[in-house]
Structures are given as structure tokens and as C-alpha cells.
Amino acid sequence: MEDKDRLLEFEERIARGEKIEAEDWMPQEYRKQALRLILTHANSEIMGALPEGEWITRAPTLQRKLAVLAKVQDEVGHAQLLYRVAEDLAVPLGKTREDFLADLIEGRAKFHNVFSYPAPTWADVGVIAFFVDGAALVTQSALLETSYGPYARILKRICSEEAVHLKHGEDIVLTLAGGTPAQRAMLQDGINRWWRPLLHFFGPPDQDSPNLEQAKRWKIRIKTNEELRQQFLNRYVPKIWGMGLQVPDPHIRKDEDGVWHYSDPGWDEFWQVIQGHGPLTRERLALRRLAHDGGQWVRALLAGEVEVA
Amino acid sequence: MKDVLREILLSTADDELILGHRDSEWTAFAPFIEEDIAISSLAQDEIAHASVYLQLLHDLTGEDPDRLAFLREPEERRNAWLLERPKGDWAYTVVRHVAYDLFDDIRLRHLARSSFRPLAEVVERLQREESYHLAHGRLWLERLAQGKGEARQRLEKALSAVLEDVPGLFEEGAGVEEAVAQGLLPTRPRQWWEEWREAWGGLLIPLGLGAWVPEELSLPAAPGGRQGRHTDQLEELLGALSEVYRSDPAAAW
């Protein structure tokens, strides 16, 4: 079959709502876009383990310590699932998990902007689990309908675990909000610092998102950046107000049509961050490298297992 | 009786809490993703076990488990030195775990016969989880023993370092005689040594590591962890552990 016919058939399958599987024919561009989306997600899970991971050893109660530990473990587990899906998709490209991790460490691969920011207080653990994971859940839920079958299936599991993380985060946030003045101030400070990165999280205004149109046509992605951002604002602004805290944007408001208006969150910063120049991008990647290099001899030992056994 | 039981519960809880804390330092930093998930599970088990023992203590004395876990000074801690050592490399982590898990397995078998019923009852449940830890450690030890070059060097270094601290596990805290007399502790910890040596040798000798099976228990002359004397490494660990809690111990977190 000519590629043109295959493409036609492929697009008809998508239009009928069929799922594309790893072994199915797909346009190279589809494979590339799906792979980029899944790898960004995988890299974000593993990089996302770092800011919260810093707080496992410092979590202030036994129960919190167990909860943060379990949560970070989940994120690492998500990375494992996602890299496997990515590996299957990357078979024609001959790339494996080792390559993906090397790309990440060398700064050749992207991960979500939010994981380049510092998490200097305990409140950040709550803000990350409640707001950042909340933002992730908005985007990931929207992807449940993605046309790439293997990704859609593991997203189901990921989303259900993220919903548990949200509860954990909400519990930390509500405890601080109902706590001492110092605890409330720490929470407000966390929200202030994370606000702009959270708006950035959904990506630039739609006209500046180069791959969006095709990704939507092929149902790799379902919603636009702005639709997702609106959904997030609609869910989270009332929660912040409900705790008697401030949204750090004097112009935030919802109009009669239900559309949220917000100040320009400074897109230059977003572009800087995703190009590898975030406040802690280098430091976090250095930590990732430290873990990777430190484990090199162990992986080498296992790889040679058959030979020495 | 309470004081004697408190010592038993604290030494067991502290071993688990401190090792769980060290294990948790691997989360996001393990040699590869699958192992990251496994060591995080071990960490959760150990910390959860610590909180079970602290809860027993709470039922006995009314002390708050979090306060016990987060606020005690180093001299009030009862864990053996082996557990407070920094996480080291993967070989050290594996060897320490195996040495400790064997000890803990023996301790649990003895505690299961304690005259203090609540303790004997919880021990049964914990034994099942700990047996999984041993299986995990044994598998890793086998893999490490097959290694050559760097892996072998690391393994030997880890074995030597761990063996220096192993005797400290068998150190006896205050009130041991009384605990044995009352049946709270069916046997003295130093009597567990032979069992440990046999189990340890049973693992190491088939792997060609017989040179690292000690003969005698040589308890250090100076007091160690069970009597509240610790290394700076524990102080450092506690600095992280209690950083947030200490910022306001009266607050809800």
C-alpha cells in the first residue's frame, strides 16, 4: 500500500475513534509526536520525584513520612510504566530506556517546567501534591481519550493514583491553612511562588503552540492549553479563596461567561525554563546524573549476570 | 515493668525507624527504577513497623508516637550504630540490610514468645513482611557475590564495614535481666548471637564469602546505641528527621 493510502486509512481509524497500537502502521510524525508527549511525561515523573524526595527525610510526622514516601514511589512507578510504553513506540528508532535517561541527563529531553523550581519549605510538599498534581491531573485526564492505546491505558492507572496524591496534598494544605499563623504564612508563600509556574504548566497560549493543531487532529491530544488552564483555574481558585488565602494576581476574575481572566504570567520565563534555564534545572539534572552514575556499576553487574553466573 | 518494656520497644522501634530513614534516602536515587520502587517499599515497611512499636508504647505509657519519633535527643535513642551509618553505596545498603534482617528475624522469633501479649501478637504480622525483606536481600547478595572487579571490591568493603558494627546489635540495654526474669524478653540478646552467626554463615559460605563469618561475639567495651551513646551520624540524621517537627512541636502537621 502507498503511504498516502495508509495515511488515509490511519486518519479514518482515528476519526472512527479507534486506538492505535504499538505495532500498527502510523505516520512518522504521529510516532514522533506521541513519543515526545509520553517521554515528556515520563521524564517529568522521574524529575518530579526530586523536589518532594528532598522532604521524605524531613516530613514532620510518621504518617506524613510514609505518605510522602509512598507518593514519590508512585511517581517513580509511573516513570517506569511510561518508559516502557515509550520503548515500544521507539522500536523503529532503536532507542531504549538507557537512551531516554541519557537524553534527560544531557539536557536533550524536556520535562515539565514546574520541576525546575525550588521546594524550600514543608508547605511546598502540600502545594506540589495538591496544586501541581492537580494541574497534572487536569492534563492527564484530558489525555485519557488519546488515540495512542498503550498510553491511554496506563493513563487510567496513573490518573487514579494521582487522585490519591491530591487527597494527600489537600490534607497537608488544609492542615497548614487551619494551623498557626506561621503555618498559614508558609502556605501562602508557597502558593505565591508556585502560581506563575502553575499557569505556565499548561503551556503557552494556543497560537504559540506549534504542534497543537496536528496533535489534536490525530487525537494525540484532545484539549488546547488554554482549555486546560481554564479548567484548572475553575477548580483551584475557589479552593484558595475557600481557605481564606490570596491568589497572587490582583486581576484574577471570572466573567459572566465563566471565563477566567488572569494577568500575563510572563511567558519569557516559561520559555527559559523549558529550554533548560529554570531556577534549578541544572541542579536537578545534576542530582539525576548523580543517581544514574552512582548506579552504573550495579547496572553493569546485572547486565553481565549471565556471563559471570 | 513499664521501664523494662519501654527499653525493649524503643530499641526495636529505633532500629526500624533509623534504617527506614536511611532506606528512604535512596528514593529517587536507586541504581535503577525497579529497585527504586523496591527500596521505597522496604523503607515504608520499616517506618510502619517503627510506628507499630511506638503505638504499643503509647498504649502502655501514653507517650505520643510522633513526639517519640521526632523529639527525642540522641542519648534517648536506642538503635544500634549499624542502622545510623550513612546509606553508603548499594553494596553497603544490601549487606547492612541482610545483616540486620537476619538479626531482626531472630529477635522477632524470640519476641513472639514474650509474656507481654500485645507485643507477641503484632510480631506475627511483622514477621511476614520481614521475610520478604530477607528474600530481597539474599537475591542481591547472590548477585553481588557473582561480581568481579569493582563490584567485588565494593562488596568486600561493605562486608568489613558492616561486620564492625554487627556486635552492637546484640548489645543489651538497661533492665535486660529483669526483662528476662519476667518473660518479657524470653532470652537475652547476646544469646541470639549463635543463631545469627549460623544464619549469616548459611548465606555467605555457599557464596564463597566464608572469610566474612565471624566466630565470637566481641561486644565493644564502651557503651553503644542500646545504652544511648551514638555517633555524629545519628545527630546529622536526626537534624533532618526532626527539622520541621521541631520548628513547632505543638502544631498539627
Side-chain angles (χ1 to χ4, degrees), chain A residues 46-70 72-77 79-81 83-84 97-98 101 121-122 125 172 175-176 178-180 182-183 186 287-288 290-292 294-302 304-305 307-309, chain B residues 17 20-41 43-44 47-48 50-51 54-55 65-66 68-70 89-91 94 140 142-144 146-155 237 239-253:
Chain A
I46 205 144
M47 294 305 290
L50 294 172
E52 285 173 287
E54 293 169 15
W55 288 96
I56 293 171
T57 54
R58 293 180 281 171
T61 70
L62 289 164
Q63 195 269 331
R64 293 280 189 234
K65 199 173 174 69
L66 286 168
V68 183
L69 189 43
V72 177
Q73 181 187 36
D74 282 349
E75 311 293 8
V76 176
Q80 185 207 11
L81 294 170
Y83 282 129
R84 279 177 58 180
R97 191 206 283 178
E98 279 290 305
L101 288 171
T121 75
W122 170 249
V125 178
I172 294 176
T175 302
L176 294 176
T180 66
Q183 286 176 313
M186 180 168 42
L287 284 176
R288 192 60 235 143
L290 190 75
H292 193 75
Q296 182 57 45
W297 71 271
V298 183
R299 294 192 302 279
L301 173 69
L302 292 192
E305 200 170 41
E307 191 188 320
V308 293
Chain B
L17 176 64
H21 184 100
R22 287 302 188 202
D23 283 345
S24 81
E25 292 175 335
W26 280 106
T27 300
F29 291 96
F32 52 94
I33 293 179
E34 286 76 6
E35 195 48 49
D36 209 295
I37 297 166
I39 190 87
S40 301
S41 286
Q44 287 171 66
I47 294 165
S51 84
L54 293 175
Q55 189 59 44
D66 282 328
L68 285 166
F70 292 89
D89 65 6
W90 191 247
V94 167
W140 267 109
E142 284 167 14
R143 287 166 171 171
L144 290 173
Q146 289 165 351
K148 294 175 181 145
E150 184 184 1
R152 180 72 188 194
Q153 279 175 7
R154 286 176 183 271
L155 174 62
L237 182 153
L241 180 80
S242 57
E243 181 188 310
V244 181
Y245 187 89
R246 262 182 205 279
S247 70
D248 189 347
W253 289 100

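None of these values were measured; they are calculated from a predicted model. Numbered from 1 within each chain, the chains take letters A, B, ... in sequence-line order.
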Q: Provide the closest heavy-atom pair for A:G77 versus B:I37 in the form atom of the first, atom of the second, distance.
A: CA-CD1, 3.6 Å

Q.
Please classify the contact of B:R154 with chain A as side chain, backbone, both or neither, using a heavy-atom distance under 4.5 Å.
A. side chain

Q: Could you walk me through whether B:F32 and A:L101 pass side chain to side chain contact (heavy atoms under 4.5 Å, CB included), step by step?
A: CA-CA 11 Å; B:F32 52 94; A:L101 288 171; over 6 Å; no

Q) Between B:W253, B:W26, B:Y245, which residue shows the highest count of heavy-atom pairs closer than 4.5 Å to chain A? A) B:W253

Q) Does B:E34 have any salt bridge (charged side-chain N to carboxylate O under 4.0 Å, His left out) partners at least two apart in sequence or in another chain, and if so, which? A) A:R97

Q | Heavy-atom pair count under 4.5 Å with chain A, highest-scoring of B:G20, B:S41, B:G239 | A | B:S41

Q: With a 4.5 angstrom heavy-atom cut-off, could you sort out which part of B:L237 is near chain A: side chain, backbone, both or neither?
A: neither

**Q.** Side chain / backbone / both / neither for A:A182 at chain B, heavy atoms under 4.5 Å
**A.** neither

Q. Is a donor on one side and an acceptor on the other found under 3.5 Å between the side chain of B:D66 and the backbone of A:L62?
A. yes

Q: For residues B:S40 and A:L69, report the shortest heavy-atom separation together with the two atoms involved.
A: O-CG, 4.1 Å

Q: Tell me, with the steps shown, if B:E243 and A:W55 meet side chain to side chain contact (heavy atoms under 4.5 Å, CB included).
A: CA-CA 10 Å; B:E243 181 188 310; A:W55 288 96; 4.2 Å; yes

Q. When rounded to the nearest 0.5 angstrom, what distance separates CG in B:L144 from CG in A:L302?
A. 8.5 Å

**Q.** Side chain / backbone / both / neither for A:T180 at chain B, heavy atoms under 4.5 Å
**A.** side chain

Q.
Before you tell me yes or no, could you show the steps for A:V298 and B:D89 under side chain to side chain contact (heavy atoms under 4.5 Å, CB included), namely the whole-Å CA-CA distance, both residues' side-chain angles and the distance that decides it to 0.1 Å?
A. CA-CA 10 Å; A:V298 183; B:D89 65 6; over 6 Å; no

**Q.** Segment of B:Q44 engaging chain A (4.5 angstrom heavy-atom cut-off)
**A.** both

Q) Does any donor atom in the side chain of A:Q73 or B:T27 lie under 3.5 Å from an acceptor atom in the other side chain? A) no

Q | Which atoms of B:L54 approach chain A - backbone, side chain, both or neither, heavy atom under 4.5 Å | A | side chain

Q. Where does A:Q183 contact chain B at under 4.5 Å (heavy atoms): side chain, backbone, both or neither?
A. side chain

Q.
Is A:I46 close to chain B through its backbone or its side chain, or both, or neither, when contacts mean heavy atoms under 4.5 Å?
A. side chain

**Q.** Toward chain A, the part of B:A250 with a non-hydrogen atom under 4.5 Å
**A.** neither

Q. For the candidates B:W140, B:F70, B:F29, which exhibits the highest count of non-hydrogen atom pairs separated by less than 4.5 Å from chain A?
A. B:F70

**Q.** Contact summary for A:A291 and B:A28, nearest pair of heavy atoms
**A.** CB-O, 4.0 Å

Q.
On a heavy-atom basis, which atom in A:L301 and which in B:G147 lie closest, and how many Å separate them?
A. CD1-CA, 3.3 Å

**Q.** Option in A:R64, A:Q296, A:E75 with maximal non-hydrogen atom pairs under 4.5 Å from chain B
**A.** A:R64

(Q) Would you say that A:T57 contacts B:E25 through its side chain, given a criterion of any heavy-atom pair below 4.5 Å between the two side chains? (A) yes

Q) Under 4.5 Å between any side-chain heavy atoms of B:L241 and A:K65, yes or no? A) yes

(Q) Need one label for A:M186: side chain, backbone, both or neither, based on atoms under 4.5 Å from any heavy atom in chain B. (A) side chain

Q | Partners passing salt bridge (charged side-chain N to carboxylate O under 4.0 Å, His left out) against A:R84 (at least two apart in sequence or in another chain) | A | none

Q: Would you please test A:V76 and B:I33 for side chain to side chain contact (heavy atoms under 4.5 Å, CB included) and show each step?
A: CA-CA 7 Å; A:V76 176; B:I33 293 179; 3.7 Å; yes

Q | Residue B:S242 versus chain A: region with a heavy atom under 4.5 Å | A | neither

Q. What part of B:A252 lies closer than 4.5 angstrom to a heavy atom of chain A: side chain, backbone, both or neither?
A. both

Q. Any donor and acceptor pair, going by atom type alone, linking the side chain of A:R299 with main-chain N or O of B:P31 inside 3.5 Å?
A. yes

